[in-house]
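Each remark here refers to the structure printed beneath this line.
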Number of protein chains: 2
Amino acid sequence: MKKNKQATIVDVASEAGVSIATVSNVINRRKVPMSPETIRKVEEAVVRLGYRRNVMATNLSRRRSNELGLILPHFGGYYGRFAEKLEQRFHSYGYHLSVFSAAGMDPEVETRHIEHLLQRRVDGLVSHGLAISMHSTQQLVGEGTPLVIFNGWGWPNEITKLTVNLDFAKASRQAVKYFLSHGCQAVFYAGRRKGMGANEQRIEGFLTGLGERAETIVHALLDAGELGVAGALEEALRVSGELRPIGIYTFNDALALELIAECHARGIRVPEEVQLIGMDNEHFAKASIPSITSFEMPVELQTRLVAAFLMRQMGEDVDEESAMLLDSYLAQMKGHELLIDMEMVVRKSTHNE
Amino acid sequence: MKKNKQATIVDVASEAGVSIATVSNVINRRKVPMSPETIRKVEEAVVRLGYRRNVMATNLSRRRSNELGLILPHFGGYYGRFAEKLEQRFHSYGYHLSVFSAAGMDPEVETRHIEHLLQRRVDGLVSHGLAISMHSTQQLVGEGTPLVIFNGWGWPNEITKLTVNLDFAKASRQAVKYFLSHGCQAVFYAGRRKGMGANEQRIEGFLTGLGERAETIVHALLDAGELGVAGALEEALRVSGELRPIGIYTFNDALALELIAECHARGIRVPEEVQLIGMDNEHFAKASIPSITSFEMPVELQTRLVAAFLMRQMGEDVDEESAMLLDSYLAQMKGHELLIDMEMVVRKSTHNE
DNA sequence: CTGTTAGCGCCTTCAC
DNA sequence: GTGAAGGCGCTAACAG
């Protein structure tokens, strides 16, 4: 037996007794007038042969792929949800989305994925904007492929017309102000150096949030990556001396959770002595003990804006709702950065009643 | 200006002053002897023109894509790590992996992804085996594409030669036995109906783990999906009456964490009154209070076996280590199911000292 | 060593 | 309505 190769359009044509052009017309539901009889014959032949169109041939011929690519720092948490939402949105616009993880921001892996996507001639690309990827991305994408960045800072205008960012700085200001207005005698930011851009944004917000209080209130930046979680807590306690309670704003919920564990191990009460605010509003933030005050990530909104803008860049239409949303955000944009607010979810790690 | 289209192999050829065949040979580092001079000229032309091969054309011509597809129930946690590891492994075998999420096991989304992968003529497919996907998968894949399933139960041999499963049943037996040998007076399994196959496996293991003790010890199956977390806990307490401590084995760490929160809210001490064992060994299992006893998912091993088997099915060679590993597992296989052990990580939710 | 020439599977005018 | 033919970008013999 010879290997049963996939049926081609030619097979379908001869099976149905028509020409390949006709088959193509039927398959693509073109508006050219065809007899219902012809259509039926073709459709039957398709089923009978188990025909499945070869998109490589289609794309090659059409000179467009109808495919989009997404590069994430990793799957998991917020990013995983982001990917699923975005896929769904693009699907509604008639595009297919392939998702890739840089596997913990490994530049090599990331470059490999982008290169492959480009070789596959994707019609557009969306990428996170963290870490070093900037330079390589610039190189790779060149003048050709439409690209939109999300959660990226410091990207020159030449590369992207728009960056869709969560407003970490604002959230951080909000966190600090919350601490200050809820009796905290000293405030800290605990981050991880590897956070890069996103980390910087938080720090900036943290400092500006202090405002003029910066001169009078005890505060410090803690690097949990360098000091370790225990080290960071110790440092905070050392700096704050007898002052209580203190407030610690963390890079994310995971770090907040670890700090809670550390406090618990030392018999330090949360929130009576140490108040904590995290970021990401992960599933466990709600169930931890105490539950963690955090910021909700507006995935729906962000993916909507990202998708709408990419479509526009590609000259495609989008649903009216997204279009209006995008316009209203673009109107109040500063520079080429579009900022999205996050909502604080207050829980037990910052108050008790 | 006309749009600067991507340079093609023809452009490179004329730029370098050679024929397209030569360019192709250089690009693909074929073993045909060529003068270093020619090679240099071609390579220079490539960079000068920013040439990037069109994989659609390449694949069409080669009649193979060198691409593989992976279908996941969702990104996040274990599955996200699985995807990253698998990608890396396939890469080392010279294949590219595209990952798709069924977005919470939505059958429509799943079908769409598989169909698209097939239309792209991937050389092979690996898919989780949960939920209803079975039937549609069978339809779709037909006789053609090599397929390996992981974490799937009840798949007929006609579809898959092999299913690579984590041994949830065994882990569950182990959990029960741990409870029994550590003083638990009553034991429970708390799952979620939606767990499907994976849920069934746990239940089976839970029951067989009881063995002959099933007749003498108080036990029950709890459906946290139906009863809610609070309801499940109440039910366990009701059934066990005055007996303490009781042991609750949960579908995953997330559920265990929620139960801990629920216990805490009611002033029930963990592990003194209620012992808990979770599954997945998620990041937060270590940092929660108390930390959660759980089972580590052997992603490295599982991806290795999956990759090796798919490669073999496709007639490709794999590294010796993986080959030997696969052979040893195949040797002790029952049916067409290959089982992987998980390791229990004991933490504070089951003991205190 | 290098160039020529068929395809790969499908789309897309342009006649009939 | 339907069919014939050229082309998309690249590979793979096969000559030279």
Side-chain angles (χ1 to χ4, degrees), chain A residues 3-43 45-46 49-67 116 118-123 144, chain B residues 3-43 45-46 49-67 116 118-123 144:
Chain A
K3 195 172 286 177
N4 248 13
K5 302 164 37 49
Q6 273 277 355
T8 74
I9 201 175
V10 178
D11 302 324
V12 176
S14 77
E15 172 81 11
V18 299
S19 79
I20 63 169
T22 304
V23 175
S24 177
N25 285 333
V26 173
I27 290 175
N28 295 295
R29 312 189 189 310
R30 295 227 178 68
K31 58 285 159 190
V32 287
M34 299 173 286
S35 76
E37 171 65 7
T38 307
I39 296 181
R40 193 184 52 70
K41 281 195 301 187
V42 172
E43 286 174 341
V46 165
L49 269 47
Y51 169 76
R52 176 172 289 130
R53 142 213 251 122
N54 183 326
V55 299
M56 295 185 293
T58 302
N59 293 346
L60 187 58
S61 175
R62 285 202 181 131
R63 311 168 114 276
R64 79 197 303 285
S65 65
N66 254 285
E67 290 206 47
H116 185 255
L118 259 23
Q119 291 193 168
R120 243 166 58 189
R121 298 294 189 272
V122 290
D123 296 329
Chain B
K3 197 171 283 176
N4 249 12
K5 302 164 39 48
Q6 273 277 355
T8 76
I9 201 175
V10 177
D11 301 324
V12 176
S14 77
E15 172 81 10
V18 300
S19 78
I20 63 168
T22 303
V23 174
S24 177
N25 285 332
V26 173
I27 289 174
N28 295 294
R29 311 191 190 311
R30 295 232 177 67
K31 56 288 158 192
V32 286
M34 299 173 287
S35 77
E37 170 65 6
T38 307
I39 296 181
R40 193 185 53 70
K41 280 195 302 188
V42 172
E43 287 175 339
V46 165
L49 270 48
Y51 168 76
R52 176 172 290 129
R53 141 214 252 122
N54 183 326
V55 300
M56 295 185 293
T58 303
N59 293 346
L60 187 59
S61 177
R62 285 204 182 127
R63 312 173 111 275
R64 79 197 303 284
S65 66
N66 253 288
E67 289 206 47
H116 185 254
L118 258 23
Q119 291 193 169
R120 244 166 57 190
R121 298 294 190 272
V122 290
D123 297 327

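Computed from heavy atoms alone, side chains included, the values below leave out hydrogens, waters and symmetry copies.
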Query raised in the report: Side chains of B/Arg120 and A/Asn59: do they bring a donor and an acceptor to under 3.5 Å?
Result: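 Side-chain D/A pair, B/Arg120 to A/Asn59: absent.
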Closest contact, heavy atoms only, [X] versus [Y]:
| X | Y | value |
| --- | --- | --- |
| A/Tyr51 | A/Ile27 | CE2-CD1, 3.5 Å |
| B/Thr38 | B/Val18 | CG2-CG1, 4.1 Å |
| B/Asp123 | B/Ser65 | OD1-N, 3.2 Å |
| B/Ala45 | B/Ala16 | CB-CB, 3.8 Å |

Report task. Kindly indicate, with the supporting measurements, whether the criterion side-chain contact (heavy atoms from CB on, under 4.5 Å) is fulfilled by A/Arg53 and A/Val12. Result -> CA-CA 11 Å; A/Arg53 142 213 251 122; A/Val12 176; over 6 Å; no
Query raised in the report: Under the side-chain contact (heavy atoms from CB on, under 4.5 Å) criterion, do A/Asn25 and A/Met34 qualify, and how do the steps go?
Result: CA-CA 9 Å; A/Asn25 285 333; A/Met34 299 173 286; 3.8 Å; yes
Query - Most 5' of B/Arg63 and B/Ile20 on DNA chain C, judged by nearest nucleotide - result: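 With B/Arg63 and B/Ile20 compared, the 5'-side residue is B/Ile20.
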Query - Backbone N/O of A/Leu60 and side chain of A/Arg63: donor-acceptor pair under 3.5 Å - result: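 Side chain of A/Arg63 to backbone of A/Leu60: no pair is present.
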Taking any heavy-atom pair under 4.0 Å as a contact, classify [X]: base, sugar-phosphate, or nothing.
| X | result |
| --- | --- |
| B/Val55 | nothing |
| A/Val32 | nothing |
| A/Ser24 | base |
| A/Arg30 | sugar-phosphate |

Query raised in the report: Could you give the start and end, 5' to 3', of the contact zone on DNA chain D for chain B, using atoms under 4.0 Å from its heavy atoms?
Result: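 For DNA chain D, the relevant span reads D/dG9 to D/dA12.
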**Report entry** For chain B, the stretch of DNA chain C it reaches, first to last nucleotide, under 4.0 Å of its heavy atoms
**Finding:**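 Contact span on the strand: C/dC1 to C/dG9.
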Report task. Starting from the 5' end of DNA chain D, give me the residue, A/Gly17 or B/Arg53, whose nearest nucleotide shows up first. Result ->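 First, find each residue's nearest nucleotide; the 5'-ward one identifies A/Gly17.
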Query raised in the report: How do A/Met34 and B/Asn25 order along DNA chain D: which one's closest nucleotide is nearer the 5' end?
Result: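 Its nearest nucleotide being more 5', the pick is A/Met34.
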